[in-house]
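Both ligands and their constituent atoms are indexed starting at 1 by order of listing. For the numbers below, each heavy atom of this structure counts, side chains included, while hydrogens, waters and symmetry mates do not.
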Amino acid sequence: MARFTGRTAIVTGAAQGIGAAYATALAAEGANVVVADLNAERGAEVAAGIVADGGTAVFRHVDVADPESAVALAESAVAEFGAIDHLVNNAAIYGEMKLDLLLTVPWDYYKKFMSVNLDGALNMTRAVWKPMMAAGGGSIVNQSSTAAWLYSGFYGLAKVGINGLTQQLATELGGSKIRINAIAPGPIDTEATQTVTPGNLVKDMVSRIPIKRMGTPEDLVGACLYLLSDEASWVTGQILNVDGGQIIR
Ligand SMILES: NC(=O)c1ccc[n+]([C@@H]2O[C@H](COP(=O)([O-])OP(=O)(O)OC[C@H]3O[C@@H](n4cnc5c(N)ncnc54)[C@H](O)[C@@H]3O)[C@@H](O)[C@H]2O)c1
């Protein structure tokens with residue numbers, strides 16, 4: 001099955017972890033993939049791995065917090081592949097993030113964090129929607145988290161914002177034939193998670209999840225590709241928990 005043949009997809013934060021899994025899976029289903037990240041060394045490795053497996057990918061540097069950088073990325077994707085059909089807003093400050101309370105987190109850190117983890121998705125969407133519309137429409141997936149539904153300090157607050165952004169933008173973008181949805185993953189076993197979640201906390205979290213294991217990036221791929229694909233052509237503004245049943249409402 002190749003749902004994305006001839007389509008171009010930008011995946012931010014694709015140098016490692018979940019973003020790298022999304023980029024690889026999109027390429028395996030035929031997409032031209034732009035692996036976009038701050039981390040040039042690892043991003044280039046991900047793109048090279050895709051190409052070595054017979055896919056089409058390029059690495060492009062981006063700082064999603066910077067509107068000019070987001071626009072430059074969109075222009076470069078169009079120059080390389082002729083159009084932008086899909087965007088995955090996955091980049092975030094997560095690995096090795098500060099653990100602090102909303103009440104005490106240093107203000108500069110909080111502002112920087114929100115500029116990446118919340119505004120980054122808006123910057124990227126503002127940069128791609130016109131080329132996407134010009135190509136006849138497209139689809140966007142934002143990376144939220146079950147942290148939005150649980151107490152998780154400023155990290156969770158940014159994800160609450162991502163959920164709101166997804167709903168608000170679905171309304172603004174629908175007329176341009178652009179769909180936007182979000183995935184809210186539960187705890188996923190990535191390098192980054194190992195730096196922020198101590199082993200005993202993981203054990204406790206997993207014991208309370210109906211499917212008693214952590215997720216893997218590959219557990220998220222099916223949901224991401226579904227939401228991006230034409231199979232979801234009448235789905236927009238939704239937040240899909242992919243979390244082993246961690247959140248049941
Ligand atoms: N791992 C989990 O348990 C989990 C659960 C729920 C949601 N998420 C979300 O999934 C996404 C990826 O998680 P991960 O575990 O793969 O994390 P990760 O830290 O491995 O990946 C984040 C990537 O974003 C990049 N990045 C950071 N700031 C950037 C910027 N300003 N511009 C461009 N790129 C930038 C990093 O270089 C990195 O490659 C994040 O949005 C995270 O919040 C993760």
Side-chain angles (χ1 to χ4, degrees), residues 10-25 34-47 59-74 87-98 109 111-124 127 141-150 152-163 165-166 182-199 201-202 205-206 209 213-221 223-224 239-244 246-247:
I10 298 175
V11 183
T12 69
Q16 60 186 49
I18 298 168
Y22 288 159
T24 304
V34 180
V35 173
D37 206 289
L38 273 182
N39 185 336
E41 199 181 324
R42 293 199 58 179
E45 279 170 22
V46 171
F59 169 74
R60 290 290 181 269
H61 178 272
V62 70
D63 177 358
V64 297
D66 174 3
E68 285 177 18
S69 178
V71 168
L73 171 63
L87 167 67
V88 183
N89 283 314
N90 167 77
I93 298 173
Y94 174 58
E96 287 169 2
M97 69 179 171
K98 243 188 222 309
Y109 186 82
K111 297 298 274 182
K112 166 76 186 161
F113 192 91
M114 289 298 179
S115 77
V116 176
N117 288 30
L118 175 55
D119 299 341
L122 181 56
N123 273 335
M124 281 304 307
V141 165
N142 290 332
Q143 187 80 323
S144 181
S145 170
T146 55
W149 314 122
L150 305 163
S152 314
F154 50 89
Y155 177 75
L157 180 61
K159 296 304 191 185
V160 170
I162 288 287
N163 291 350
L165 196 66
T166 304
I183 295 179
I188 304 296
D189 193 8
T190 62
E191 276 173 68
T193 296
Q194 287 160 22
T195 68
V196 286
T197 319
L201 202 71
V202 168
M205 234 171 1
V206 165
I209 297 177
R213 63 171 176 83
M214 284 188 92
T216 65
E218 288 68 32
D219 284 322
L220 306 176
V221 160
C224 180
I239 296 132
L240 177 56
N241 294 328
V242 185
D243 63 352
Q246 185 187 25
I247 306 291

### Task
Mind running side chain to side chain donor-acceptor pair (under 3.5 Å) on T193 and Y94 for me, showing each step along the way?
CA-CA 8 Å; T193 296; Y94 174 58; 2.8 Å; yes
### Message
Set out, in order, the CA-CA distance, both residues' side-chain angles and the distance that settles side chain to side chain contact (heavy atoms under 4.5 Å, CB included) for T195 and M97, then state yes or no.
### Response
CA-CA 8 Å; T195 68; M97 69 179 171; over 6 Å; no
### Task
Could you give me the CA-CA distance, side-chain angles and deciding distance for T166 and N163, then say whether side chain to side chain donor-acceptor pair (under 3.5 Å) is met?
CA-CA 5 Å; T166 304; N163 291 350; 5.3 Å; no
### Message
Show, in sequence, the C-alpha distance, side-chain angles and deciding distance for V11 and N89, and conclude whether the side chain to side chain contact (heavy atoms under 4.5 Å, CB included) test is met.
### Response
CA-CA 6 Å; V11 183; N89 283 314; over 6 Å; no
### Task
Would you check, one step at a time, whether the test side chain to side chain contact (heavy atoms under 4.5 Å, CB included) holds for D37 with Q16?
CA-CA 9 Å; D37 206 289; Q16 60 186 49; 5.6 Å; no
### Task
Could you please spell out the steps behind the side chain to side chain contact (heavy atoms under 4.5 Å, CB included) verdict for W149 and D243?
CA-CA 12 Å; W149 314 122; D243 63 352; over 6 Å; no
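Ranked by closest heavy atom to atom 40 (C) of ligand 1, the top entry among L38, N90, N39 is N90. Remark: among candidates F113, Y22, Y155, the nearest residue to atom 8 (N) of ligand 1 is Y155, based on non-hydrogen atoms. The residue from A92, G13, A91, P217 that puts a heavy atom closest to atom 27 (C) of ligand 1 is A92.
Annotation: atom 15 (O) of ligand 1 to nearest protein heavy atom, T190 OG1, 2.7 Å. Of the protein's non-hydrogen atoms, G186 O, 3.3 Å is the one closest to atom 5 (C) of ligand 1. Closest to atom 3 (O) of ligand 1, if we only count protein heavy atoms, is I188 N, 2.8 Å. For atom 36 (C) of ligand 1, the nearest non-hydrogen atom of the protein is D37 OD1, 3.5 Å. Taking atom 33 (C) of ligand 1 as the reference point, the nearest protein heavy-atom neighbour is V62 O, 3.2 Å. With hydrogens left out, the protein atom closest to atom 20 (O) of ligand 1 is Q16 NE2, 2.7 Å, a heavy atom.
Listed by number with element, the atoms of ligand 1 under 4.0 Å from a non-hydrogen atom of V116 are 28 (N), 31 (N). Set against the non-hydrogen atoms of G95, the atoms of ligand 1 under 4.0 Å away are 19 (O). Of all the atoms in ligand 1, the ones that sit under 4.0 Å from a non-hydrogen atom of A192 are 15 (O), 17 (O), 18 (P), 19 (O), 20 (O). Distances below 4.0 Å separate heavy atoms of G17 from the following atoms of ligand 1: 16 (O). For ligand 1, the atoms sitting less than 4.0 Å from at least one non-hydrogen atom of T193 are 1 (N), 2 (C), 3 (O), numbered in the order shown with element in parentheses. Close approach to D63 involves these atoms of ligand 1, each under 4.0 Å from a residue heavy atom: 30 (C), 31 (N), 32 (N). Annotation for ligand 1: atoms under 4.0 Å from non-hydrogen atoms of P187 are 3 (O).
Contact of the V221 side chain with the Y22 side chain is registered, since non-hydrogen atoms from C-beta on lie closer than 4.5 Å. Contact check for Q143 versus C224: no side-chain heavy atoms found under the 4.5 Å cut-off. The closest side-chain heavy-atom distance from P198 to L201 is below 4.5 Å.
When heavy-atom distances to ligand 1 are checked against a 4.0 Å cut-off, I18 comes that close through both its backbone and its side chain. Residue contacts with ligand 1 for S144 involve N, CA, C or O but no side-chain atom from C-beta outward (heavy atoms, distance under 4.0 Å).
Ligand 1 has an N or O atom lying under 3.5 Å from an N or O atom of V64, backbone or side chain. For G19, no nitrogen or oxygen atom sits less than 3.5 Å from a nitrogen or oxygen atom of ligand 1, counting backbone and side chain alike. For ligand 1, none of its N or O atoms has an N or O atom of S145 under 3.5 Å away.
A127 and A74 get closest at one heavy-atom pair: O-CB, 3.4 Å. Closest of all the heavy-atom pairs between L87 and T12 is CD1-CG2, 4.4 Å. Across all non-hydrogen atoms, the minimal contact from N117 to A158 is CB-CB, 3.8 Å. Considering all non-hydrogen atoms of both residues, A121 and N142 come closest at CB-OD1, 4.1 Å.
Using a 4.0 Å heavy-atom cutoff, A20 is absent from the residues neighbouring ligand 1. Distances shorter than 4.0 angstrom occur between a heavy atom of Q143 and an atom of ligand 1. In this structure, K159 has a heavy atom closer than 4.0 Å to ligand 1. Within the structure, the closest approach of A36 to ligand 1 does not fall below 4.0 Å when heavy atoms are considered.
Tested against V64, the residues N90, L73, V116 include a single side-chain contact (heavy atoms from CB on, under 4.5 Å) partner, V116.
Look at K111 and D119 and you find no salt bridge, because none of the NZ, NE, NH1 or NH2 atoms lies under 4.0 Å from a carboxylate O.
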